[in-house]
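What you see is a predicted model; the values in this text were computed from it and never measured. By convention in this document, chain letters (A, B, ...) are assigned in the order of the sequence lines, proteins followed by strands, and residues within each chain are numbered from 1.
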Amino acid sequence: MHLDLDAFYAAIEQRDHPEWRGRPLVVGAQPGGRGVVATCSYEARRYGVHSAMPIAQAARRLPPETIYRRPDMARYAEVSQQIMRLLQQLSPLIEQVSIDEAYLDVSGLERLIGTPQQIGERAKALIKDKTGLTASVGIGPNRLIAKLASETSKPDGLRVVEAEQVQAFLDPMPISVLRGVGTKTTPRLLAMGLKTVGDVRHQPLERLRQALGARAGTALHLQARGIADDAVQPVTQRQSISKETTFGEDVTDEQQLRETLHWAAQEVGYLARHQALAGALVTLKLRLQPFETHSRSRTLSQRTASDQLIFQTAWELFASSPWRGRPVRLIGVGLSGWEPAACPTQPDLFAASEPQPSTLTTDKLDQTLDAIRDKLGDGLIQRGVRRS
DNA sequence: TCTGGGGTCCTAGGACCC
DNA sequence: TCTGGGGTCCTAGGACCC
């Protein structure tokens with residue numbers, strides 16, 4: 001079963017501000033600024049506005065009474081957690097895939113809780129009752145079908161697709177509903193004369209593989225037949241942590257770039273330490289005119305979560321890059337390459353016994369800063385450190 | 001028309017090793 | 001002087017998703 005909260009950010013804003021109900025509301029960038037629509041209310045969607053639309057374009061379509069809000073992620077995350085806890089009453093196997101979406105394994109719960117459909121109805125009722133929000137639920141033999149079922153039932157819907165109905169359900173759908181078919185692949189498939197999932201299903205596997213590559217071609221071939229993963233995995237280890245920012249106007253001043261990168265490295269280091277993660281790969285991300293994105297990465301000899309080491313590495317990558325001196329639209333840094341998760345037979349003895357003097361001291365400094373930050377609150381200490 | 005931020009996964013070339 | 005085949009790691013970029 002797949003559950004998706006309807007217009008999640010916008011719905012929370014309208015719930016908490018009754019005067020905004022029934023009006024077009026956009027959560028995302030401010031009109032006049034750089035950015036996109038994160039989510040918008042159904043009233044705004046009537047004007048053709050949708051997620052990921054550039055804010056300037058949205059503002060041109062929307063009436064003057066439209067409300068524009070910056071996202072309040074801490075608030076949304078709170079509500080999200082509350083809802084995930086509610087869902088635990090209905091299934092022991094839940095996989096949260098984003099802030100507003102989760103898969104539940106609802107098989108074999110007939111005697112304990114109910115049929116999948118009953119569980120879906122209870123989930124919706126529970127969420128409505130405790131949070132005032134609406135959700136859409138899709139039930140199917142695997143994740144792909146469940147997800148498409150919830151998408152086609154939006155908003156506030158519930159749809160069950162039985163195994164025998166899968167092909168009839170999929171065949172008329174546009175190819176863009178398939179996972180991995182986005183802005184680049186859609187026109188390529190259209191050029192091959194493939195408009196619907198049914199069209200893809202009738203293609204020879206070889207033709208798809210030749211057009212899209214072995215992996216993507218096979219994936220499409222399987223999806224068109226409704227074949228997909230059905231395992232719900234409650235815990236998955238995250239693969240990377242990153243922080244990036246787009247400037248209001250492109251920046252050339254190196255001091256400002258340096259400060260921004262320093263701030264980003266602090267954020268990344270802080271998050272990593274709080275999750276007891278240390279990474280060996282530092283990645284610098286840059287975006288230049290005209291929307292040209294580049295990355296430079298370096299593998300360190302030791303895993304780290306040190307603000308200083310992350311920053312120094314990222315800055316070196318920038319300073320030695322061929323783009324130094326060009327106006328920068330976006331700059332950011334990422335950390336990845338953790339300890340391999342499952343390797344119980346090969347304990348990493350050296351990692352614990354070879355502390356590097358320089359990393360150790362900066363790590364210690366960072367940990368002290370974390371402790372202070374936790375006590376005093378984020379904003380205060382962040383500001384102090386950022387300027388140092 | 002202008003394109004956020006935080007992610008995931010895949011591809012492809014080159015280095016390097018056996 | 002010429003030069004296979006396979007595997008793994010590193011790096012850069014790209015497509016896609018919410």
Engineer: Go ahead and name the base partner of B/dC18; Watson-Crick or wobble counts if both distances stay under 3.5 Å, otherwise write none.
Structural biologist: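 B/dC18 is paired, partner C/dG5.
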Engineer: How many Å lie between CG on A/Asp229 and P on B/dC9, as a whole number?
Structural biologist: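 Value for this atom pair: 12 Å.
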Engineer: What is the nucleic acid contact for A/Leu178, judged by heavy atoms within less than 4.0 Å: base, sugar-phosphate only, or nothing?
Structural biologist: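 The answer is sugar-phosphate, as A/Leu178 gets under 4.0 Å only of primed atoms, P, OP1 or OP2.
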Engineer: Nearest to the side chain of A/Pro54 - B/dC2, B/dG6, C/dG13?
Structural biologist: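 The closest nucleotide is B/dC2.
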Engineer: For B/dT8, does OP1 or OP2 lie under 4.0 Å from any side-chain N or O of A/Ser240?
Structural biologist: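 The answer is yes; a side-chain N or O of A/Ser240 sits under 4.0 Å from OP1 or OP2.
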Engineer: Among C/dT11, B/dG5, C/dC18, which nucleotide has an atom closest to any side-chain atom of A/Ser297?
Structural biologist: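 Ranking C/dT11, B/dG5, C/dC18 by closest atom to the A/Ser297 side chain puts C/dT11 first.
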Engineer: If I take atom CG in residue A/Leu284 and atom P in nucleotide C/dT11, what distance separates them, rounded to the nearest angstrom?
Structural biologist: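 That distance rounds to 13 Å.
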Engineer: Is the closest basic N to carboxylate O distance between A/Glu292 and A/Arg326 below 4.0 Å?
Structural biologist: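 Yes, this pair counts.
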Engineer: Send over the distance from A/Trp338 CH2 to B/dG7 P, rounded to a whole Å.
Structural biologist: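 Taking CH2 of A/Trp338 and P of B/dG7, I get 9 Å after rounding.
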Engineer: Assuming nearest nucleotide by heavy-atom distance, tell me which of A/Gly213 and A/Lys285 is located more 5' along DNA chain B.
Structural biologist: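 Mapping each residue to its closest nucleotide by heavy atoms, the 5'-most match is A/Lys285.
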Engineer: Just checking A/Thr245: base, sugar-phosphate only, or nothing, at a heavy-atom cut-off of under 4.0 Å?
Structural biologist: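 It contacts sugar-phosphate atoms only.
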Engineer: Can you check whether A/Ser98 has a side-chain N or O nearer than 4.0 Å to OP1 or OP2 of B/dG7?
Structural biologist: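 Result: no.
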Engineer: Out of C/dA12, B/dG7, B/dG6, which has the shortest distance to the side chain of A/Ser295?
Structural biologist: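 It is C/dA12.
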Engineer: Between C/dA12 and A/Arg296, is there an OP1 or OP2 to side-chain N/O distance shorter than 4.0 Å?
Structural biologist: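 Indeed, a polar side-chain atom of A/Arg296 lies that close.
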Engineer: Between A/Asp307 and A/Arg273, is the closest basic N to carboxylate O distance under 4.0 Å?
Structural biologist: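 Salt bridge present between A/Arg273 and A/Asp307.
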Engineer: Say you pick atom C1' in B/dT1 and the same atom in C/dC17; how far apart are they, in whole Å?
Structural biologist: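 Roughly 22 Å separates the two C1' atoms.
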Engineer: Between A/Glu244 and A/Ala56, which is nearer to the 5' end of DNA chain B once each is assigned its nearest nucleotide?
Structural biologist: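 Looking at the nearest nucleotide for each, A/Ala56 comes out on the 5' side.
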Engineer: Give one of base, sugar-phosphate or nothing for A/Thr185, where a contact means two heavy atoms less than 4.0 Å apart.
Structural biologist: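 Touches sugar-phosphate only.
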Engineer: Rounded to whole Å, how long is the line connecting atom CZ of A/Arg188 with atom P of C/dG14?
Structural biologist: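 Interatomic distance, CZ of A/Arg188 to P of C/dG14: 14 Å.
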Engineer: Select one nucleotide: of C/dC16, B/dG5, C/dC18, the one nearest the side-chain heavy atoms of A/Arg179.
Structural biologist: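 Nearest to the side chain of A/Arg179 among the choices is C/dC18.
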Engineer: Side chain of A/Leu330: nearest nucleotide among B/dG4, B/dG5, B/dG7?
Structural biologist: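 Nearest to the side-chain atoms of A/Leu330, counting from C-beta on, is B/dG5.
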Engineer: Hey, is A/Glu95 close enough to A/Arg143 for a salt bridge, meaning N to O under 4.0 Å?
Structural biologist: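 Salt bridge: yes.
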Engineer: Nearest to the side chain of A/Leu281 - B/dG4, B/dT1, C/dT11?
Structural biologist: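 Among B/dG4, B/dT1, C/dT11, the one nearest the side chain of A/Leu281 is C/dT11.
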Engineer: Does OP1 or OP2 of B/dG7 have a side-chain N or O of A/Arg238 closer than 4.0 Å?
Structural biologist: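 It does, given that an N or O in the side chain of A/Arg238 lies less than 4.0 Å from OP1 or OP2 of B/dG7.
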Engineer: So A/Ile241, base contact, sugar-phosphate only, or nothing? Heavy-atom distance under 4.0 Å.
Structural biologist: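 Here A/Ile241 touches the backbone only, sparing every base.
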Engineer: Look at all strands and tell whether A/Thr283 reaches a base, only sugar-phosphate, or nothing, counting heavy atoms closer than 4.0 Å.
Structural biologist: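 No contact.
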Engineer: Is A/Phe291 stacked on the base of B/dC2, meaning ring centres closer than 5.5 Å and planes within 30 degrees of each other?
Structural biologist: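 By the stated criterion, A/Phe291 and B/dC2 do not stack.
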Engineer: Can a salt bridge be assigned to the pair A/Glu316 and A/Arg298 using a cut-off of 4.0 Å between side-chain N and carboxylate O?
Structural biologist: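 Salt bridge between A/Glu316 and A/Arg298, a charged N being under 4.0 Å from a carboxylate O: yes.
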Engineer: For nucleotides C/dC18 and B/dT3, find the distance between their P atoms and express it as a whole number of Å.
Structural biologist: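 Between the two P atoms, the distance is 22 Å.
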Engineer: For A/Arg61, answer base if it contacts any base atom (sugar-phosphate contacts may also be present), sugar-phosphate if it contacts only those atoms, and nothing otherwise; contact means non-hydrogen atoms under 4.0 Å.
Structural biologist: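 Nothing: the residue A/Arg61, judged by heavy atoms under 4.0 Å, touches no strand.
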Engineer: For a quick test of reading the model: is some side-chain N or O of A/Lys243 closer than 4.0 Å to OP1 or OP2 of B/dG6?
Structural biologist: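 True: A/Lys243 side-chain N/O within range (under 4.0 Å) of B/dG6 OP1/OP2.
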Engineer: Does A/His294 put a side-chain nitrogen or oxygen below 4.0 Å from OP1 or OP2 of C/dA12?
Structural biologist: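 Negative; the distance criterion is not met.
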Engineer: Would A/Asp156 and A/Lys124 pass as an ion pair if we require N to O under 4.0 Å?
Structural biologist: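 Looking at A/Asp156 and A/Lys124, the cut-off is met.
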Engineer: Calculate the interatomic distance between A/Leu212 atom CG and B/dC9 atom C1'; express it in whole Å.
Structural biologist: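 Atom CG in A/Leu212 sits about 15 Å away from atom C1' in B/dC9.
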Engineer: Rounded to the nearest Å, what distance is computed from the CD atom of residue A/Gln289 to the C1' atom of nucleotide B/dC2?
Structural biologist: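 Rounded to the whole Å, the gap is 14 Å.
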Engineer: Between A/Arg287 and B/dG4, is there a side-chain N or O to OP1/OP2 distance below 4.0 Å?
Structural biologist: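 Indeed, a polar side-chain atom of A/Arg287 lies that close.
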Engineer: Rounded to whole angstroms, how far apart are CD on A/Gln223 and C1' on C/dC16?
Structural biologist: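 Going from A/Gln223 (CD) to C/dC16 (C1'), I get 12 Å.
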Engineer: Give a yes or no on whether a salt bridge exists between A/Asp16 and A/Arg75, defined as a side-chain N under 4.0 angstrom from a carboxylate O.
Structural biologist: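 Salt bridge flag = yes for A/Arg75 with A/Asp16.
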Engineer: Checking one value: the base orientation of C/dC2, syn if chi is within 90 degrees of 0, otherwise anti.
Structural biologist: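 Judged by the O4'-C1' to base torsion, C/dC2 sits in anti, the angle falling more than 90° away from 0.
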Engineer: Look at all strands and tell whether A/Val181 reaches a base, only sugar-phosphate, or nothing, counting heavy atoms closer than 4.0 Å.
Structural biologist: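 If one applies the 4.0 Å heavy-atom cut-off, A/Val181 turns out to touch the sugar-phosphate alone, with no base involved.
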Engineer: In plain terms, say whether A/Arg287 and A/Asp250 are close enough for a salt bridge, that is, a side-chain N and a carboxylate O under 4.0 Å apart.
Structural biologist: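 Looking at A/Arg287 and A/Asp250, the cut-off is not met.
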Engineer: Which nucleotide, C/dT11, B/dC9, B/dG4, lies nearest any side-chain atom of A/Arg329?
Structural biologist: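 Selected nucleotide (nearest to the side chain): B/dG4.
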Engineer: Mind calculating the distance between CD (A/Gln96) and P (B/dT8) to the nearest angstrom?
Structural biologist: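 Computing the A/Gln96:CD to B/dT8:P distance gives 14 Å.
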Engineer: Closer than 4.0 angstrom, basic N to acidic O: yes or no for A/Glu65 and A/Arg23?
Structural biologist: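 No, A/Glu65 and A/Arg23 are not salt-bridged.
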Engineer: Regarding A/Lys147, tell me which of base, sugar-phosphate or nothing describes its non-hydrogen contacts under 4.0 Å with the strands shown.
Structural biologist: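 Counting heavy atoms under 4.0 Å across all strands, the contact made by A/Lys147 is with sugar-phosphate only.
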Engineer: Can a side chain N or O of A/Thr39 be found less than 4.0 Å away from OP1 or OP2 on C/dC18?
Structural biologist: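 A/Thr39 to C/dC18 OP1/OP2: no side-chain N or O under 4.0 Å.
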